[in-house]
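Accompanying notes for the structure given below.
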Amino acid sequence: MDEFGFDLTSGGSDFFSELDSIYNNVTEPEVGASDADELLEGLNPEQKEAVQHLGGPLLILAGAGSGKTRVITYRIAYMMKKHNVAPGSILAITFTNKAANEMKERITALVGDRSQYIWCGTFHSIFARILRRHADLIGYDRNFTILDSDDQLKMVKQVMQELDISEKMYKPRNFLYEITNSKNHMVSPEQYEQLAGADTARQQNAKVYKRYNMKLIENNAMDFDDILVNMVKLLKGNPDILEFYRNKFGYIMVDEYQDTNQPQYNAVMLLAKGHNNICVVGDDDQSIYAFRGADVRMILNFEKDFPGCQVIKLEQNYRSTKTILSAANEVIANNKSRKSKALRTEGNEGDKIIVMNADSQAVEAAWTADTIKHMVQKGKFAYSDVAILYRMNALSRSVESALRDKGIPFRIYGGMRFYDRKEIKDTLAYLRLINDSKDDLAFDRIINVPKRGIGDTTVDKIRAIAAAEHVSMMDVARRASQYEELMRSANKLYGFCKLIDEFTVHLEEDEMSFPDFVDYVENESGMIQEMIDQRESKGELTDRVENLKELLSEAAEFEKNHRTSEETDNSELQSEIEDDEFLEEETATADTLRGILALYLENAALYSQGDSDDDNEDYVKLMSIHSSKGLEFGAVFLIGVEDGIFPSYKSIASAADTEEERRLMYVAITRAKKNLFIVLTRQRMLFGQTQCLPPSRFLREINPEHLYRMGNMREVQKQPSEAVNSQARVIARRNIASALSSGVTTKKDTTGGMRSGVAKKPGALSPAEIKDGMKVRHDRFGSGIVIKVEPVAGDALITVDFDGMRKNMLAGTAGLKKGE
DNA sequence: AAAACTGTAGTTTTT
DNA sequence: CTACAGTTTT
Ligand SMILES: Nc1ncnc2c1ncn2[C@@H]1O[C@H](COP(=O)(O)OP(=O)(O)OP(=O)(O)O)[C@@H](O)[C@H]1O
């Protein structure tokens, strides 16, 4: 055991004893209804100056943890309290929904409920909202669909097929890359074509790009990039609209401005140029989104865009210990193309950064979990103070199983997003088709989900007819027997139409709650049944059913927030800001099931689960470094810090890319308030192979004085090549981590507990009541005997014998009643 | 015409 | 290791 008391087998000594001083719930000053000037008390002189700045352009360029975001929140509060600025005229743009929610919460703490009228969100969510409003002006319907990258790739493949481009010779991904990249730089298909000149490869790109865009419009769909591009189009093409929003958003604020790309920049310029009341905040050292078109020059040129703008520098870091901040500064100093910047702290020296070089992935994960548990048991931190960060989402796997193993509650952000999951997208496609029968993309997606014997050829025919007659695919399906070529599938198609019609009837009846309706669709469509039947062979039911249940609680939550209620009395506020004709947009509500559904669909695409946090729950947070930007944690575990992972092998060839990775390292280090743990391993399973990677080059850039090394630390100081050579090639063997993960039956994402929104049918048995051997009655199948009960995701998978016919079903949704 | 099976290629980061 | 494209089987 070492002086730090780390020992994987025993409890260890109390080595975190001095840690409590700095970190202990930094509470916001109480403001309440009192004087606006009280707001200024929690700020340093530079911050005060920024907060009091009301009109004209303002640039805050400052290092990590210097209170930039705090300036924005306080500035908004101050404007409202001191200058009576209407909240509806404030536009505050952040980078992620999570950051937006956090900012909203902080502002609410300062000014109260009026904060809900502030337009605070990501570029994408705010622009999408505006675009829906004026969709007709850019050739769209209000309920346009937003495609995720999966849908985009499918679309590209479809285009390639139509243009007779072989997937063997050309990779769809490359076309998509060209398209996204063009949009991120505001290059239209026409411009792309012009730029292509005589280059045949580029001419082909142009063709694909053009057709791809056309198809999107035909399908009333936008990809993420279109949201930005179309916003610029809307503002440029419609002077009256531009004028309207310039007047509406009298005060604009953009956080993380260094990550702005061309279309975002153009939109901001258009909106701000009238009054110049724009405040941007950022840090060029934290620019980590170049891969998606972000350009630091946007922030560096701000002074040129707005001559005479006020520039404020913040040089004091309030977040981290001296040790952590020094390490961050030492790393970032290695970037050549960089304006150097002062950043100091008056905080404690703090603990050394602990670097653990483990022998295997399993040890890396187990050590991380043990250390977290140790600290929490000692009362140094709560689980919710701890974050585990990584360069690649795939790295979360082994840590997940270690955490589960030790019974540590955790939650994963990002990665495979909730709304990206197949079963969720399928359910949403059903809902979209019910909401709008013209939604061909939705039709396409679920016409054969679950399998109902309608194959690709049939769907292709329907698509062709629909295109020729300019009607929706649903329309064609309804009249299937009118077409020779659809005769054979007509009955199956009618079955599908009948199903959708049935859903529509229930929707219009308006008698179910929203989650009940979703639940009903999930069941009646046969999706759940299919999962149950497939389980027999694969045994992978739990996750998917759990996801569908999670969707129900999201639906319940959504209805709670958006169902019009009589108690909501906004009259006072309304008179205060009555000239704000868009007020109702902010608190959009509906009082019919149909209305709720439409609202939900408008919002679902840009919202990912986990954007909103439950404050009451205590769990460790796992996320990529990218998604941790702007956040802070008492203790940070940075895992997978090996050359090839971090920096990524893709970036080591280029100096510019390596510098971006280094900025990412800077971001990662500066997330930590008190303790930083850097964890790496000598060998790990990666891309299906056991690989030996040397410690990250960035580690050698930190002054060793700040580090305390554990495990195989000799190698940290070696040159990468030397380290590689010194390590014998390891024969692949099943490591402990994967052995653990395969045998674990604990729940996956621990988001549960919010499942109350779903009402049970009267008289139906609850999952807990159903026992083996029980006699039950089912509405459709009649009487039967339960012959098997298996718990699944807070529900139970039961097997019932109905007169010799065995059926698998979920107890919670089957609506079984007590028999005989 | 659809489902089940088999082989191959590609693996960073996000809205 | 996984997702998906292309194959064979029913
Ligand atoms: N004047 C101040 N006095 C005390 N604490 C402060 C002050 N200003 C900011 N802080 C605290 O410092 C921490 C970092 O602030 P903030 O998140 O605003 O920094 P930031 O510059 O936005 O960081 P990043 O660049 O990493 O996003 C927060 O916990 C905040 O409460």
Provide a list of protein-nucleic acid N or O atom pairs under 3.5 angstrom, restricted to nucleotides 2-10 of chain C.
| residue | atom | partner | partner atom | Å |
| --- | --- | --- | --- | --- |
| C/dA5 | OP1 | A/K157 | NZ | 2.4 |

Whole-Å gap separating [atom2] ([N]) and [atom1] ([X]):
| X | N | atom1 | atom2 | value |
| --- | --- | --- | --- | --- |
| A/I447 | B/dA1 | CD1 | P | 15 Å |
| A/D226 | B/dT14 | CG | P | 21 Å |
| A/R663 | B/dT13 | CZ | C1' | 13 Å |
| A/L664 | B/dT14 | CG | P | 10 Å |
| A/F95 | B/dT13 | CZ | P | 16 Å |
| A/L493 | B/dA1 | CG | C1' | 13 Å |
| A/D456 | B/dA4 | CG | P | 14 Å |
| A/Q691 | B/dT12 | CD | P | 13 Å |

Does B/dT13 have its OP1 or OP2 closer than 4.0 Å to a side-chain nitrogen or oxygen of A/N393?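 So the side chain of A/N393 is within the cut-off, an N or O lying under 4.0 Å from OP1 or OP2 of B/dT13.
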
Identify each atom pair where a protein N or O and an N or O of nucleotides 5-11 of chain B are less than 3.5 Å apart, giving names and distance.
| residue | atom | partner | partner atom | Å |
| --- | --- | --- | --- | --- |
| B/dT11 | O4 | A/F687 | O | 3.4 |

Check this for me, if you would: do A/D226 and A/K183 make a salt bridge, where the nitrogen-to-carboxylate-oxygen distance has to be below 4.0 angstrom? yes

For the pair A/R129 and A/E602, find out whether any cationic side-chain nitrogen is under 4.0 Å from an anionic carboxylate oxygen.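 Judged by the 4.0 Å cut-off on N to carboxylate O distance, A/R129 and A/E602 do not form a salt bridge.
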
[X] side chain, from C-beta outward: closest of [options]:
| X | options | answer |
| --- | --- | --- |
| A/N448 | B/dT14, B/dA1, B/dA3 | B/dA3 |
| A/E661 | B/dA2, B/dT14, B/dT12 | B/dT12 |
| A/S624 | B/dT12, B/dA1, B/dT14 | B/dT14 |
| A/K451 | B/dA1, B/dT14, B/dA3 | B/dA3 |
| A/H626 | B/dA1, B/dT12, B/dT14 | B/dT14 |
| A/R292 | B/dA1, B/dT12, B/dT14 | B/dT14 |

Residues two or more places apart in sequence or in another chain: which of them pass side chain to side chain contact (heavy atoms under 4.5 Å, CB included) with [X]?
| X | result |
| --- | --- |
| A/A477 | A/F443, A/L493, A/C497 |
| A/P189 | A/Y209, A/K210, A/N213 |
| A/E178 | A/Y192, A/N205 |

Please report the closest heavy-atom contact between A/R463 and A/D444, naming both atoms and the distance. NH2-OD2, 2.9 Å

Holding to side chain to side chain donor-acceptor pair (under 3.5 Å), I want the full list of residues that pass it with [X], two or more places apart in sequence or in another chain.
| X | result |
| --- | --- |
| A/Y212 | A/Q152, A/D223 |
| A/S166 | none |
| A/S648 | none |
| A/K425 | A/D148, A/D151 |

Could you tell me whether [X] contacts a base, only the sugar-phosphate backbone, or nothing, with contacts defined as non-hydrogen atoms closer than 4.0 Å?
| X | result |
| --- | --- |
| A/S627 | sugar-phosphate |
| A/K422 | nothing |
| A/D148 | nothing |
| A/S489 | nothing |
| A/D225 | nothing |

Would one find more than 12 heavy atoms of other residues, nucleotides or ligands at under 6.0 Å from atom CD of A/Q161? no

Under 6.0 Å from the OH atom of A/Y483, do we count more than 12 heavy atoms belonging to anything else shown? yes

Just one of A/R391, A/R684, A/R697 clears the salt bridge (charged side-chain N to carboxylate O under 4.0 Å, His left out) bar with A/E642, so which one?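 For A/E642, the salt bridge (charged side-chain N to carboxylate O under 4.0 Å, His left out) check succeeds only for A/R684.
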
Secondary-structure stems, DNA chain B, at least 3 Watson-Crick or G-U base pairs under 3.5 Å: B:1-10 with C:1-10

Suppose you measure atom P in B/dT13 against the same atom in C/dC4; what distance do you get, rounded to whole Å? 16 Å

Sorted by chain and number, sequence neighbours left out, ring pair (Phe, Tyr, Trp, His ring centres under 6.0 Å) with A/F698 holds for A/F646

For the residue pair A/Y289 and A/F95, categorise the inter-ring angle as parallel (less than 30°), tilted (30 to 60°) or perpendicular (more than 60°). tilted

Is it the case that A/S624 and A/N393 place a side-chain donor and acceptor less than 3.5 Å from each other? no

How do A/G455 and A/T122 order along DNA chain B: which one's closest nucleotide is nearer the 5' end?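 Its nearest nucleotide lies further toward 5', so the answer is A/G455.
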
Of all of residues 282-291 of chain A, which get a heavy atom below 4.0 angstrom from DNA chain B, listed by number?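 Only A/Y289, A/F291 qualify.
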
